[in-house]
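Below: one structure, written as structure tokens.
Each ligand, and each atom within it, is numbered from 1 in the order the structure gives. Quick note: residue numbers are just sequence positions, from 1. Fair warning: this is a prediction, and the values are worked out from it, not measured in the lab.
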Amino acid sequence: MTPLVSVVSGPRARLFACFLRLGTQQASSLQLHTGASLAAKNYYEVLVLGGGSGGISMAARMKRRVGADNVAIIEPSERHFYQPIWTLVGAGAKQLSSSFHPTVSVIPSGVEWIKARVVELNPDKNCIHTDNGKEISYKYLIIALGIQLDYEKIKGLPEGFDHPKIGSNYSVRTVEKTWKALQDFEEGNAIFTFPNTPVKCAGAPQKIMYLSEAYFRKTGKRSKANIIFNTSLGTIFGVKKYADALKEIIQERNLAVNYKQNLIEVRADKQEAVFENLDKPGETQVISYEMLHVTPPMSSPDVLKTSPVADAAGWVDVDKETLQHRRYPNVFGIGDCTNLPTSKTAAAVAAQSGILDRTISRIMKNQTPRKKYDGYTSCPLVTGYNRVILAEFDYNGQPLETFPFDQSKERLTMYFMKANMMPFLYWNMMLRGYWGGPAFLRKLLHLGMS
Ligand code: FAD
Ligand code: UQ1
């Protein structure tokens with residue numbers, strides 16, 4: 001069958017975006033125009049792998065550097081997700097539909113969207129391969145493939161999600177199950193887990209615990225709930241200032257935190273979770289649950305693990321200040337798929353996008369990169385339906401706060417920022433390549449302060 005797809009950009013792309021937004025049944029069932037191409041050209045000056053937070057932001061910036069015709073994004077998904085809002089979707093404070101737009105609507109106009117999956121990288125030959133058999137070459141490559149969710153590494157998952165009482169804010173498929181489990185809670189253990197791997201947004205596994213506690217209080221069920229946070233880590237949060245604030249909340253709200261406990265099995269039919277004690281190999285504990293929130297193990301995407309651009313652990317091996325690849329000077333990495341030693345968040349991606357833009361611009365002019373990434377990352381720790389502690393810090397784990405007040409205090413204003421301002425900023429500025437993080441704001445708001 002001849003594919004009905006072709007290269008679509010500019011006004012046509014927007015038209016298709018509207019078309020998709022209308023949710024025309026036919027469009028999806030017949031797989032008509034999606035605005036994507038099957039790769040009209042086989043060479044681009046800038047090729048971006050992944051159309052998530054980092055990929056779209058960088059494509060928008062690269063379009064300004066080299067022109068839309070010279071940029072392409074390879075991304076298989078028809079929907080682009082604003083994942084940070086899933087914390088609130090899982091707690092019933094936002095609708096799932098508010099977390100996505102059609103991918104076609106976020107592709108910068110004129111930039112080519114190749115709707116495919118990357119299956120192989122060949123940086124020695126400056127090309128990649130896609131799952132539909134195409135070889136695409138590039139002058140500069142930006143890798144923004146995100147982090148992979150490994151639910152299947154827990155025995156009993158992902159099939160366990162077919163049962164009630166279990167959810168996970170980390171996937172579009174399971175986030176609404178969290179809200180369902182929360183509403184269905186009657187009496188017993190509400191368990192929240194943190195895996196024994198790197199994760200994205202390391203605060204999210206506990207944010208949903210605080211929200212659940214608040215929900216139980218609101219609905220008169222708090223006295224019937226035994227709330228347990230079983231984490232593989234040995235600490236509640238990596239930065240002392242925020243860890244101290246969280247520990248106070250944990251004590252105040254009577255939450256049980258158990259360290260070095262790693263979820264290894266879910267017996268969803270019996271509502272049982274099995275944990276291994278990481279300090280005592282071989283020792284396991286079975287806990288029954290009335291509600292279970294799973295944060296899955298995560299790893300670098302499979303396509304990267306075995307590729308020449310990976311470090312020993314599978315992450316894209318980049319310079320921590322310039323984001324340029326350590327061995328391939330025309331290759332760059334951004335976001336969750338890299339080995340940047342900072343917390344994996346969209347806030348970090350925003351800050352990285354500004355730096356990487358400058359790095360690439362100088363490389364294109366045969367100049368040495370100058371601007372240095374300080375590891376800025378941020379985690380709005382949602383501690384209730386109207387409360388947020390806004391953690392912001394750098395590579396050294398030192399607080400790097402934007403606002404001229406103590407951000408380790410729970411605040412309504414910061415909740416408003418997380419729930420309403422951030423999504424607006426993400427869709428309208430970051431994805432258009434105009435948000436490189438709040439450094440300028442921090443400097444402005446701290447003028448005159450030592
Ligand atoms: P992603 O945005 O995940 O994009 C990766 C893209 O690569 C995806 O579109 C994917 O389809 C594509 N891809 C994967 N494999 C292939 C392939 N083989 N070929 C082609 N394309 C591929 N961050 C914050 O800053 N603040 C928060 O409050 C916050 N809360 C969060 C809460 C939750 C529940 C979750 C899940 C995340 C949260 N984050 C938060 C983290 C944030 O969403 C991520 O860090 C950010 O999206 C990372 O951007 P990225 O571009 O690296 O990866
Ligand atoms: C941020 O820049 C960002 O990226 C768009 C987020 O992701 C959703 C955040 O959660 C936060 C907190 C920031 C930092 C922005 C400010 C204004 C402090």
Side-chain angles (χ1 to χ4, degrees), residues 48-58 73-90 99 103 106 114-121 128-131 142-149 168-172 174-175 178 199-205 207-208 293 295-296 298 300-304 307 316 333-338 340 342-354 376-382 388 390-392 400-403 407 414 417-419 421-431 435-442 445:
V48 181
L49 308 186
S53 310
I56 298 293
S57 309
M58 285 314 298
I73 303 170
I74 307 187
E75 166 62 56
S77 174
E78 290 206 358
R79 290 185 295 176
H80 178 103
F81 297 99
Y82 178 63
Q83 302 165 43
I85 214 69
W86 288 347
T87 291
L88 301 183
V89 174
S99 73
T103 296
V106 298
I114 299 164
K115 189 176 178 301
R117 179 167 284 279
V118 180
V119 290
E120 193 189 333
L121 285 81
I128 64 92
H129 290 90
T130 63
D131 60 351
I142 300 174
I143 308 175
L145 291 173
I147 193 167
Q148 179 173 295
L149 305 177
S168 175
N169 288 357
Y170 274 84
S171 161
V172 64
T174 54
V175 58
T178 306
V199 298
K200 54 182 153 186
C201 194
K207 296 179 200 180
I208 186 61
H293 179 268
T295 298
M298 300 177 208
S300 177
D302 286 342
V303 64
L304 291 176
S307 86
V316 180
I334 185 167
D336 296 355
C337 65
T338 65
L340 293 167
T342 193
S343 181
K344 297 179 187 299
T345 65
V349 171
Q352 291 161 19
S353 69
Y376 173 83
T377 190
S378 171
C379 186
L381 292 154
V382 185
V388 158
L390 182 60
E392 290 180 284
L400 204 55
E401 301 188 341
T402 301
F403 301 100
Q407 290 182 197
M414 296 296 99
M417 190 202 68
K418 154 85 188 165
M421 272 173 61
M422 278 304 136
F424 180 86
L425 188 126
Y426 181 82
W427 294 110
N428 296 292
M429 289 181 67
M430 181 168 162
L431 294 186
W435 178 248
F440 73 98
L441 199 58
R442 183 175 63 242
L445 295 174

Looking only at protein heavy atoms, identify the closest one to atom 2 (O) of ligand 2 and say how far it is in Å. W435 NE1, 2.8 Å
Could you walk me through whether N428 and W435 pass the side-chain contact (heavy atoms from CB on, under 4.5 Å) check? CA-CA 9 Å; N428 296 292; W435 178 248; over 6 Å; no
Top protein contact for atom 5 (C) of ligand 2, by heavy-atom distance: M430 SD, 3.6 Å
If we only count N/O pairs under 3.5 Å, is A346 in contact with ligand 1? yes
Counting C-beta onward and ignoring hydrogens, is there a side-chain heavy-atom pair between M430 and S53 closer than 4.5 Å? yes
Using a 4.0 Å heavy-atom cut-off, say whether F424 meets ligand 2 through its side chain, its backbone, both or neither. neither
Backbone of L390 reached by a side-chain donor or acceptor of K418 within 3.5 Å: no
Checking heavy-atom distances from atom 5 (C) of ligand 1 to each of I85, L304, L145, T178, the winner is L145
List the steps and the verdict of side-chain contact (heavy atoms from CB on, under 4.5 Å) for I143 and L121. CA-CA 10 Å; I143 308 175; L121 285 81; 3.8 Å; yes
Got V172 and W86 here, is their nearest side-chain heavy-atom distance under 4.5 Å? yes
What do you reckon, does A144 put a non-hydrogen atom under 4.0 Å from ligand 1? yes
Note: K207, heavy atoms under 4.0 Å from ligand 1, region reported as side chain
What part of L425, side chain, backbone, both or neither, has a heavy atom within less than 4.0 angstrom of ligand 2? side chain
Do me a favour and list the nearest non-hydrogen protein atom to atom 14 (C) of ligand 2 with residue, atom name and distance? Y376 OH, 3.4 Å
Taking distance alone, with no angle check, do S53 and ligand 1 share an N/O pair under 3.5 Å? yes
For residues T342 and Y376, determine if any side-chain heavy atom of one lies less than 4.5 Å from a side-chain heavy atom of the other. no
So which protein heavy atom does atom 21 (N) of ligand 1 come closest to, and at what separation? P76 CD, 3.2 Å
Considering distance alone, does some N or O of A347 sit under 3.5 Å from an N or O of ligand 1? yes
Please work out whether the ring planes of Y170 and H293 are parallel, tilted or perpendicular, with thresholds of 30° and 60°. tilted
Please state which protein non-hydrogen atom is closest to atom 17 (C) of ligand 2 and give its distance, to 0.1 Å? M422 CE, 3.5 Å
Tell me, which protein residue and heavy-atom name are nearest atom 10 (O) of ligand 2, and how many Å apart are they? P380 CG, 3.4 Å
How far is atom 37 (C) of ligand 1 from its nearest protein heavy atom, and which residue and atom is that? Q83 CB, 3.8 Å
Taking the six-membered ring for Trp, are Y82 and Y426 parallel (under 30°), tilted (30 to 60°) or perpendicular (over 60°)? tilted
Answer yes or no: is there a side-chain heavy-atom contact under 4.5 Å between M422 and M417? yes
Identity and separation of the nearest protein heavy atom to atom 4 (O) of ligand 2: A347 CA, 3.6 Å
At under 4.0 Å between heavy atoms, what of T345 touches ligand 2? The answer is neither
What do you reckon, does L49 put a non-hydrogen atom under 4.0 Å from ligand 1? no
For T87, the ligand 1 atoms whose distance to one of its heavy atoms is below 4.0 Å: 32 (C)
Among all the protein's non-hydrogen atoms, which is closest to atom 12 (C) of ligand 1, and how far away is it? E75 OE1, 3.2 Å
Which residue owns the protein heavy atom closest to atom 34 (C) of ligand 1, what's the atom, and how far is it? N169 O, 3.5 Å
Which protein heavy atom lies closest to atom 12 (C) of ligand 2, and at what distance to 0.1 Å? S378 OG, 3.2 Å
At less than 4.0 angstrom from any non-hydrogen atom of Y82, what atoms of ligand 2 do you find? 8 (C)
Answer whether the closest heavy-atom distance between the side chains of Q352 and S57 falls below 4.5 Å. no
Taking 4.0 angstrom as the limit and counting only heavy atoms of G146, give me the atoms of ligand 1 inside it, by number and element. 5 (C), 52 (O), 53 (O)
Consider ligand 1: state whether an atom of it lies below 4.0 angstrom from any non-hydrogen atom of K418. yes
Give the numbers and elements of all ligand 1 atoms closer than 4.0 Å to a heavy atom of G335. 52 (O)
Verify side-chain contact (heavy atoms from CB on, under 4.5 Å) between C201 and Q83, making sure each step is shown before the conclusion. CA-CA 10 Å; C201 194; Q83 302 165 43; over 6 Å; no
Heavy atoms of G50 and L145 approach each other most closely as N-CD2, 3.8 Å
Number the atoms of ligand 1 from 1 as they appear, then name those within less than 4.0 Å of a heavy atom of K344, with their elements. 45 (O)
Among all protein heavy atoms, pick the one closest to atom 18 (C) of ligand 2 and tell me residue, atom and distance. E392 OE2, 3.5 Å
Nearest protein heavy-atom contact for atom 50 (P) of ligand 1: which residue, which atom, what distance? G54 N, 4.0 Å
Which of the numbered atoms in ligand 1 are under 4.0 angstrom from any heavy atom belonging to G50? 7 (O), 21 (N)
To check your reading of the model: name the closest protein heavy atom to atom 48 (C) of ligand 1, its residue, and the distance in Å. D336 OD2, 3.1 Å
The protein heavy atom nearest to atom 27 (C) of ligand 1 is P84 CB, 3.6 Å
Counting N and O atoms only, with roles assigned by atom type, does the side chain of T103 sit under 3.5 Å from a partner on the main chain of E78, one being a donor and the other an acceptor? yes
Can you name the atoms of ligand 1, numbered from 1 with element, that are less than 4.0 Å from a heavy atom of I74? 20 (C), 21 (N)
Give yes if a backbone or side-chain nitrogen or oxygen of V118 is under 3.5 Å from a nitrogen or oxygen of ligand 1, and no if not. yes
Measuring from non-hydrogen atoms of V349 to any atom of ligand 2, is the shortest distance under 4.0 Å? no
One finds that the ligand 1 atoms under 4.0 Å from a non-hydrogen atom of Y170 are 36 (C)
Give yes or no for whether the N/O distance cutoff of 3.5 Å, strictly under, is met between W86 and ligand 1. no
Please report whether ligand 1 has a polar contact with S77, defined as an N or O pair separated by less than 3.5 Å (distance criterion only). no
I want to check something: taking the side chain as every heavy atom from C-beta on, are P296 and S168 in contact at a cut-off of under 4.5 Å? yes
Within the structure, does V349 bring an N/O atom to less than 3.5 angstrom of an N/O atom in ligand 1? no
Under 4.0 Å from one or more heavy atoms of T402, ligand 2 contributes atoms 18 (C)
Short question: side chain of E75, backbone of S77 - any donor-acceptor pair under 3.5 Å? yes
Would you name the heavy atoms of C337 and L304 that are closest together and state the gap between them? CB-CD1, 3.7 Å
At a 4.0 Å threshold, what atoms of ligand 1 neighbour a non-hydrogen atom of P380? 26 (N), 27 (C), 28 (O)
For residues L445 and T402, determine if any side-chain heavy atom of one lies less than 4.5 Å from a side-chain heavy atom of the other. yes
Look at the side chain of K344 and the backbone N and O of T338, then say whether any donor-acceptor pair between them is shorter than 3.5 Å. yes
Quick one: nearest non-hydrogen protein atom to atom 15 (N) of ligand 1, plus distance? R117 NH1, 3.7 Å
Does any part of the side chain of M298, heavy atoms only, come nearer than 4.5 Å to the side chain of D336, both counted from C-beta? no
Near A346, which atoms of ligand 2 are under 4.0 Å from a heavy atom of that residue? 4 (O), 7 (O)
